[in-house]
Each structure stands twice: as structure tokens, then as C-alpha cells.
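Notes to accompany the following structure.
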Amino acid sequence: MSTETPRRFSRRAVIGRAAAALGTALAAPALAQTGAETTEFENDLNSNIRRNISSFRALQWQPYFADTRNGAILVDTTSRALHFWSADQTIYRLYPTSVPLTEDLTRRGRTEGVQKVTNPPWRPTPAMRERNPEWPEFVQGGAPENPLGPFALYLSWQYYRIHGTHDTRKIGRRSSNGCIGLYNEHITELYSLAQVGTQVLLI
């Protein structure tokens, strides 16, 4: 009996310390790494997660589009979700996304997919280069340091893309310089479903 009691106490103590450490970690600010000198602080990760989960839900296309001609993509920057409907409405997909870091980088309104690109090359915009002069002018598609992932749907707005990302920490966060990012497996699926001419609405 004398040897069993300390073992139980030790086990309880370890569990208690682990729970306390977990609670502390959850209460701490979360960092979204977005490249050199662009670390974003999320001050209340717990409430942020609850808000996103409650608004991350299936939607109907009718409030947002007159029809689903050529397919339709809705990007909700508040819930950080992308909704896709096929032209014949037999396919619906819902994906978590990354969204722009700030309001001034966020564009809303109607556009469309104008080009589908495999292994898209990356050229930082002039504004991005101004903020981060150490960034390269060009990164070849498929290179490990290319932030656009394996596929991209170029939009009619200059510099705007829906693309994959190798940095999975960005998904669900304000972490991009204007584009909409998806997990690589999700952009792979969306790339196979969407076509040039797909309607796109960002809200």
C-alpha cells in the first residue's frame, strides 16, 4: 500500500500539471507566421475559434448569385470559408481559407476565374516588395519557397488568386497579402471542379 499511494499521487500531479499547461497555452496569444516581418497577433484565439466554427456552415447559393452558370465561388472573409457550387448544382464544397491580413489588403465584390495555372510562379506585387524589400522578385512555380502551392485560379482582379499553401498555419487566419489560400488538397479538388469563367464573389 505504501508504494501504491505515491504512484497514484504522482500520476494525478502529472495530469494536473499537463492540464494547467494546456490551459495556459490556450490562453496565450497565437501567432500566424506570414513571412519576414509580417507576424500577426490574434489576441483572443478561443473566442476567434468559436466565432469561426459557428459561422463555418453550409450556405445556399441563391442569396449571392442569380444563377450558377459556369459554377460559382463565394468567399466569406468573415468566416474564412470558400463555398463552391457546380454549374448544375450537383456538387457543393466548403473549404476553410486564409484571408488578407488587413482591411486595406481585402477586396470585396464580383469577379471571375480567368486562368487556371499548375505550379503557378510567384511575383510579389510592388506594394509587397515595398513592405518587404528583401523578398525575391520572382519565385519559380513548384519551388519549395513558392507560397502559391500546386495550383492557382487567377481572378480578373490584378494580383488576386485563389491558391494553395504549404504553410498550413495560415488557414483560418488573417495571414495573406490579398489572396485567398486553401490547403493544398483542397485547391487540388477545387482546381478540378472550377473552370475559366467561374463566377467569384468575395464578401
Side-chain angles (χ1 to χ4, degrees), residues 30 32-34 38 40-116 120 125 147-149 151-203:
Q33 298 298 329
T34 59
T38 54
E40 178 200 12
F41 282 87
E42 295 268 6
N43 289 325
D44 189 351
L45 183 61
N46 288 328
S47 64
N48 187 42
I49 289 174
R50 284 196 296 270
R51 183 180 71 245
N52 285 346
I53 288 174
S54 66
S55 58
F56 191 79
R57 63 189 188 280
L59 296 176
Q60 299 296 318
W61 61 267
Q62 289 88 343
Y64 305 98
F65 300 95
D67 54 51
T68 54
R69 162 190 53 83
N70 296 329
I73 291 173
L74 172 70
V75 177
D76 186 338
T77 58
T78 301
S79 63
R80 303 169 194 177
L82 183 150
H83 305 258
F84 170 82
W85 296 270
S86 62
D88 63 5
Q89 300 161 28
T90 61
I91 299 172
Y92 170 74
R93 295 290 186 271
L94 172 58
Y95 306 117
T97 71
S98 64
V99 296
L101 273 166
T102 60
E103 274 300 310
D104 64 306
L105 291 172
T106 303
R107 186 162 183 177
R108 295 181 177 87
R110 294 187 186 277
T111 179
E112 66 177 0
V114 295
Q115 188 178 4
K116 294 171 63 176
T125 66
L148 300 185
F151 299 103
L153 178 65
Y154 289 33
L155 305 181
S156 63
W157 299 333
Q158 188 178 22
Y159 305 130
Y160 282 81
R161 318 270 190 262
I162 297 171
H163 63 81
T165 179
H166 303 299
D167 189 350
T168 57
R169 298 170 298 177
K170 293 184 174 183
I171 303 301
R173 297 186 182 280
R174 297 188 302 274
S175 59
S176 81
N177 283 280
C179 293
I180 302 301
L182 299 174
Y183 288 117
N184 284 336
E185 58 266 31
H186 291 163
I187 190 62
T188 300
E189 182 177 49
L190 181 66
Y191 189 87
S192 71
L193 296 172
Q195 57 184 306
V196 171
T198 294
Q199 306 172 73
V200 180
L201 171 63
L202 278 78
I203 60 172

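Predicted model only: the values in this text are computed from it and were never measured. All residue numbers in this chain count up from 1 along the given sequence.
Heavy-atom minimum distance, Arg80 versus Arg174: NH2-NH1, 2.9 Å. The two atoms that bring His83 and Trp85 nearest to each other are CB-CH2, 3.5 Å, heavy atoms only. Residues Asp88 and Ser86 come closest through the heavy atom pair OD1-OG, 2.8 Å. The two atoms that bring Leu148 and Pro120 nearest to each other are CB-CG, 3.7 Å, heavy atoms only. Across every non-hydrogen atom of Gly113 and Val200, the tightest pair is N-CG2, 4.0 Å. When all heavy atoms are compared, the tightest approach of Asn70 to Ala87 is N-CB, 3.9 Å.
At least one donor-acceptor pair closer than 3.5 Å links the side chain of Thr77 to the backbone N or O of Ile203. Checked by atom type and distance alone, the side chain of Gln199 pairs as donor or acceptor with a backbone atom of Arg69 at under 3.5 Å. Proximity of a side-chain donor or acceptor of Ser98 to a complementary backbone N or O of Gly172 within less than 3.5 Å is not detected. Between the side chain of Lys116 and the backbone N or O of Ala152, no donor-acceptor pair lies under 3.5 Å.
Rounded to the nearest 0.5 Å, atoms CD1 (Ile187) and CG (Leu82) are 8.0 Å apart. From Leu190, atom CG reaches atom OG1 of Thr198 across 8.0 Å, with rounding to the nearest 0.5 Å. The OG1 atom of Thr97 lies 11.5 Å from the NE2 atom of His186; values are rounded to the nearest 0.5 Å. Rounded to the nearest 0.5 Å, atoms OG1 (Thr168) and CG (Asn184) are 9.5 Å apart.
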Would you list the atom pairs, donor with acceptor, under 3.5 Å between side chains in residues 154-165 and any protein atom, with sequence neighbours excluded?
unit_1 : atom_1 : unit_2 : atom_2 : d
Ser156 : OG     : Thr111 : OG1    : 2.4
Tyr160 : OH     : Leu105 : O      : 3.4
Thr165 : OG1    : Asp167 : N      : 3.1

So Phe84 and Leu193, side-chain contact (heavy atoms from CB on, under 4.5 Å) or not? Walk me through it.
CA-CA 9 Å; Phe84 170 82; Leu193 296 172; 3.7 Å; yes
For a side-chain contact (heavy atoms from CB on, under 4.5 Å) check, start with the C-alpha distance between Asp76 and Leu202, then their side-chain angles and the critical distance, and finish with the verdict.
CA-CA 6 Å; Asp76 186 338; Leu202 278 78; over 6 Å; no
Between Glu189 and Tyr95, does the side-chain contact (heavy atoms from CB on, under 4.5 Å) criterion hold? Intermediate values first, please.
CA-CA 10 Å; Glu189 182 177 49; Tyr95 306 117; 2.7 Å; yes
Could you walk me through whether Val75 and Leu201 pass side-chain contact (heavy atoms from CB on, under 4.5 Å), step by step?
CA-CA 6 Å; Val75 177; Leu201 171 63; over 6 Å; no
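Counted within 6.0 Å of CD on Gln62, heavy atoms from surrounding residues, nucleotides or ligands total more than 12; the atom is thus considered enclosed.
Partners of Pro147 according to the side-chain contact (heavy atoms from CB on, under 4.5 Å) rule, which considers only residues two or more places apart in sequence or in another chain, are Trp122.
Trp61 places a side-chain heavy atom less than 4.5 Å from the side chain of Gln89. A heavy-atom distance below 4.5 Å is found between the side chains of Thr188 and Phe151. Inter-residue side-chain proximity for Phe65 and Leu74 is flagged as met; some heavy-atom pair is nearer than 4.5 Å.
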